[in-house]
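Every chain is numbered from 1 and lettered A, B, ... according to where its sequence line falls, protein lines coming before strand lines.
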Amino acid sequence: MNQYRTHTCGALREEHIGQTVRLSGWAENIRDHGGVAFVDLRDQYGITQIVLHEENIEVSRESVVTVTGAVKRRDADTVNPKIVTGMVEVHADTVAVQSKVARALPFEIRDSKNVREDVRLRHRFLDLRNPAVKDNIVLRSKVTGFLRAKMEELGFTEIQTPILTASSPEGARDYLVPSRKHRGKFYALPQAPQIFKQLLMVSGFDRYFQIAPCFRDEDARMDRSPGEFYQLDFEMAFAGQEDVLEVAETVLHGVFSAFSDKRVSPAPFRRIPYAESMLKYGTDKPDLRNPLIIEDLTEFFRGVDFAPFKNIPVRGIAAPGAALRSKSFFERMLEFAMEIGMKGLGYISVLDDGSLKGPIVKFLSADKQAELRNKLSLKENGTVFFIADSPGAVDELAGRIRAELGRQLELIDKDSFELCFIVDYPMYHINDETGAVEFTHNPFSMPQGGLQALEEKDPLNILAWQYDVVCNGSELSSGAVRNHLPEVMKKAFEIAGYTGEALEKKFPALYNAFHYGAPPHAGMAPGLDRIMMLLAGEENIREVVAFPMNSNAQDLLLEAPCEVAERQLREANIRRRL
RNA sequence: GGCCCCGUAGUUCAGUUGGUUAGAACGCUAGCCUGUCACGCUAGAGGCCGACGGUUCGAGUCCGUUCGGGGUCGCCA
């Protein structure tokens with residue numbers, strides 16, 4: 001028998017009545033009634049009420065105690081239906097204090113989520129005692145276990161790749177680690193195992209995966225850790241886009257349905273071409289819970305004599321029932337439009353009798369009015385909002401109006417996970433500032449049409465075998481069919497302004513390896529932290545990480561980054577700046 | 001790095017137009033209480049109002065600087 005416990009604090013039920021048991025845990029709360037006292041004993045698994053009598057020694061809140069005693073049925077009027085052990089209680093014969101609380105608690109454990117974040121992080125070990133905080137971390141363990149099992153079931157091999165590796169020339173800022181043995185040289189922590197997993201494909205590993213730590217020295221966001229985060233990184237040989245998407249469907253549908261009661265998009269998820277997504281949703285991260293669709297009305301307004309819509313792209317969003325909304329709703333929408341930089345927000349409502357109403361109606365002939373209703377399937381009490389702006393801005397603005405309408409009109413179904421793939425990303429785009437042609441997403445992607453497309457098509461019209469997974473408006477992952485052919489790589493980089501030597505210099509290992517027989521391959525890397533946030537219903541990424549850094553990339557608990565000893569600097573061949 | 005918001009008791013927060021000794025709740029300490037489960041009751045301790053400087057007879061309150069925290073944009077192949 002274990003010296004500390006026979007059961008956990010979440011285990012006892014009516015069937016244990018009469019047994020003598022031993023429990024250990026933290027004294028979450030103590031209710032002292034003079035002759036009798038009640039202690040809520042807590043561990044990871046639950047809470048059991050302990051009954052103490054006067055001869056028992058003193059216990060203070062949050063100290064660790066071991067209690068031995070008989071399990072008894074609670075009187076009917078003292079049953080606690082809020083906890084699973086609420087039918088019973090343990091009448092303590094002996095109480096041993098294992099570890100006292102010797103310092104004032106910085107906050108109430110059960111209320112820790114409402115405490116200032118830096119105080120929580122400095123005492124994260126106490127914050128994590130709160131079941132509401134701890135449960136997310138337990139869930140994370142179950143999710144990673146599920147993902148691992150699923151990937152293995154699908155024939156993937158888990159392979160660890162280096163943490164100390166080479167700095168990568170593209171992408172985010174690297175975290176650098178000085179070399180002791182090689183003066184003036186540095187390792188870098190990997191931004192992703194990208195190169196390694198592609199090399200594994202060349203080595204003949206057929207299906208690779210890893211729950212991979214990734215490091216990027218970029219500033220934090222609410223949904224983005226500073227420093228480090230995890231991806232379910234995977235790559236498949238002899239596979240194309242559809243093969244990868246099918247794996248993603250299986251795994252993501254599996255994980256969302258296994259750990260949530262919400263509705264999950266059934267496979268196959270919708271494949272939405274990038275261009276269509278930009279037009280219909282105004283973003284490449286559409287929240288498909290929002291039923292509103294953006295329509296292109298540029299052609300419609302070409303012949304209409306309304307100055308603000310002249311010679312610029314116009315979009316329309318038909319919102320059913322919006323015409324019944326109060327004046328303040330329209331004012332809020334206008335205010336929002338002004339905030340995001342629009343000059344106004346035109347709209348036309350359909351009244352009960354089918355007639356149109358709104359400041360712009362008078363510019364439309366009867367025919368045009370009918371055409372508009374028809375084009376947008378406008379019903380009675382619906383309102384169409386117009387967004388007109390420069391070609392570079394109109395889609396994003398329309399997307400933000402669509403999202404705001406979804407919120408204001410409460411069209412978002414909070415009980416579903418809507419997953420989709422965005423496909424057919426353009427291979428290149430023009431950098432607005434420099435006018436140069438750049439890779440849109442990822443230089444490793446295979447262009448659709450291969451070498452021929454690169455040689456013959458306008459670079460801006462070339463699509464890539466590049467795809468994103470989106471869930472409820474947040475990007476879970478991007479991935480691609482990789483470019484495994486040196487001559488195609490060379491051409492692709494040339495178009496983006498690099499010489500062949502530059503490519504060789506930037507990615508020597510990969511470029512070289514591809515000269516020795518590389519299989520066609522494709523992959524993806526869904527972000528584990530994002531998946532966790534969606535499953536746990538958390539807005540802040542720190543709530544799904546056991547020991548998160550603050551938004552300023554500091555570990556307040558262990559105090560990293562920190563000064564190091566002079567000797568350490570010397571060994572690392574680093575001199576303090578004078 | 002730019003911009004926005006917030007710093008008052010251990011915690012969460014009030015604090016009027018600048019005006020006596022800066023408050024509440026929870027927590028903590030002591031006492032009372034044999035059926036509570038956010039137990040209850042009584043009493044008490046606990047504050048350089050983030051820091052520095054200024055305006056003023058007088059600053060938690062107004063102004064400036066700075067430090068800390070959060071958000072957002074840049075950035076994130």
Under 4.0 Å, counting only non-hydrogen atoms across every strand here, what does Ile47(A) touch: a base, just sugar-phosphate, or nothing?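 The residue Ile47(A) makes no contact with any strand.
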
Please state how far atom [atom1] in [X] lies from atom [atom2] in [N], giving the value in whole angstrom units.
X         : N      : atom1 : atom2 : result
Glu58(A)  : A30(B) : CD    : C1'   : 12 Å
Asp111(A) : U12(B) : CG    : P     : 9 Å
Arg61(A)  : C26(B) : CZ    : P     : 12 Å
Glu28(A)  : C26(B) : CD    : P     : 18 Å
Glu108(A) : A25(B) : CD    : P     : 15 Å
Phe229(A) : C76(B) : CZ    : C1'   : 8 Å
Asp127(A) : U11(B) : CG    : P     : 14 Å

Can you give the dot-bracket line for RNA chain B, using ( ) for pairs inside the strand, [ ] for pairs that cross earlier ones, | for pairs with another strand and . for unpaired bases, where Watson-Crick and G-U count if both distances are under 3.5 Å? (((((((..((((.....[...)))).(((((.......))))).....(((((..]....))))))))))))....

Hey, are Asn442(A) and Tyr425(A) close enough side-chain-wise for a donor-acceptor pair under 3.5 Å?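 Judged by distance alone, the side chains do not pair up.
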
Looking just at side-chain N and O atoms, do Asn80(A) and Gln49(A) make a donor-acceptor pair shorter than 3.5 Å? no

Which whole number of Å gives the distance between the [atom1] atom of [N] and that of [M]?
N      : M      : atom1 : value
C63(B) : U55(B) : C1'   : 7 Å
C5(B)  : A9(B)  : P     : 22 Å
U12(B) : G7(B)  : P     : 12 Å
G40(B) : G35(B) : P     : 14 Å
G10(B) : A22(B) : P     : 16 Å
A59(B) : G68(B) : C1'   : 22 Å
A25(B) : U66(B) : C1'   : 33 Å

Base contacts versus sugar-phosphate-only contacts with protein, heavy atoms under 4.0 Å: please encode nucleotides 65-75 of chain B as B, S and - from 5' to 3'. ----SSSSBBB

So if I define the base as every atom that isn't primed, P, OP1 or OP2, how would nucleotides 34-49 of chain B read as a B/S/- string at a heavy-atom cutoff under 4.0 Å? SBBBSB----------

Which residues pass the ring pair (Phe, Tyr, Trp, His ring centres under 6.0 Å) test with His91(A), sequence neighbours left out? none

Can you list everything that forms a ring pair (Phe, Tyr, Trp, His ring centres under 6.0 Å) with Tyr281(A)? Sequence neighbours excluded, please.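 Not a single residue meets the ring pair (Phe, Tyr, Trp, His ring centres under 6.0 Å) criterion with Tyr281(A).
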
Identify, with sequence neighbours excluded, every residue that meets side chain to side chain contact (heavy atoms under 4.5 Å, CB included) alongside [X].
X         : result
Val115(A) : Phe107(A), Val119(A), Arg120(A)
Asn512(A) : Tyr516(A)
Asp529(A) : Arg140(A), Phe229(A), Tyr230(A), Ile541(A), Val545(A)
Val64(A)  : Trp26(A), Gln98(A), Ser99(A)

Taking salt bridge (charged side-chain N to carboxylate O under 4.0 Å, His left out) as the definition, give me every residue that meets it alongside Arg74(A), ordered by chain and number, with sequence neighbours left out.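 For Arg74(A), the residues satisfying salt bridge (charged side-chain N to carboxylate O under 4.0 Å, His left out) (neighbours in sequence not counted) are Glu89(A).
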
Show the numbers, then the answer: is there a side-chain contact (heavy atoms from CB on, under 4.5 Å) between Asn550(A) and Glu117(A)? CA-CA 8 Å; Asn550(A) 70 4; Glu117(A) 199 164 63; 5.6 Å; no

Atom pairs and distances, donor-acceptor, side-chain atoms in residues 391-406 of chain A, under 3.5 Å, two or more places apart:
from      : atom 1 : to        : atom 2 : distance (Å)
Asp395(A) : OD1    : Arg315(A) : NE     : 3.0
Asp395(A) : OD1    : Arg315(A) : NH2    : 3.1
Arg402(A) : NE     : Leu292(A) : O      : 2.5
Arg402(A) : NH2    : Asp287(A) : O      : 3.1
Arg402(A) : NH2    : Asn290(A) : O      : 2.7
Arg402(A) : NH2    : Leu292(A) : O      : 3.4
Glu404(A) : OE1    : Arg407(A) : NE     : 3.1
Glu404(A) : OE1    : Arg407(A) : NH2    : 2.8
Glu404(A) : OE2    : Gln408(A) : NE2    : 2.8

Test: salt bridge (Lys or Arg N to Asp or Glu O under 4.0 Å). Region: residues 42-53 of chain A. Which pairs qualify, not counting sequence neighbours? Arg5(A)-Asp43(A), Glu28(A)-Arg42(A), Arg42(A)-Glu62(A)

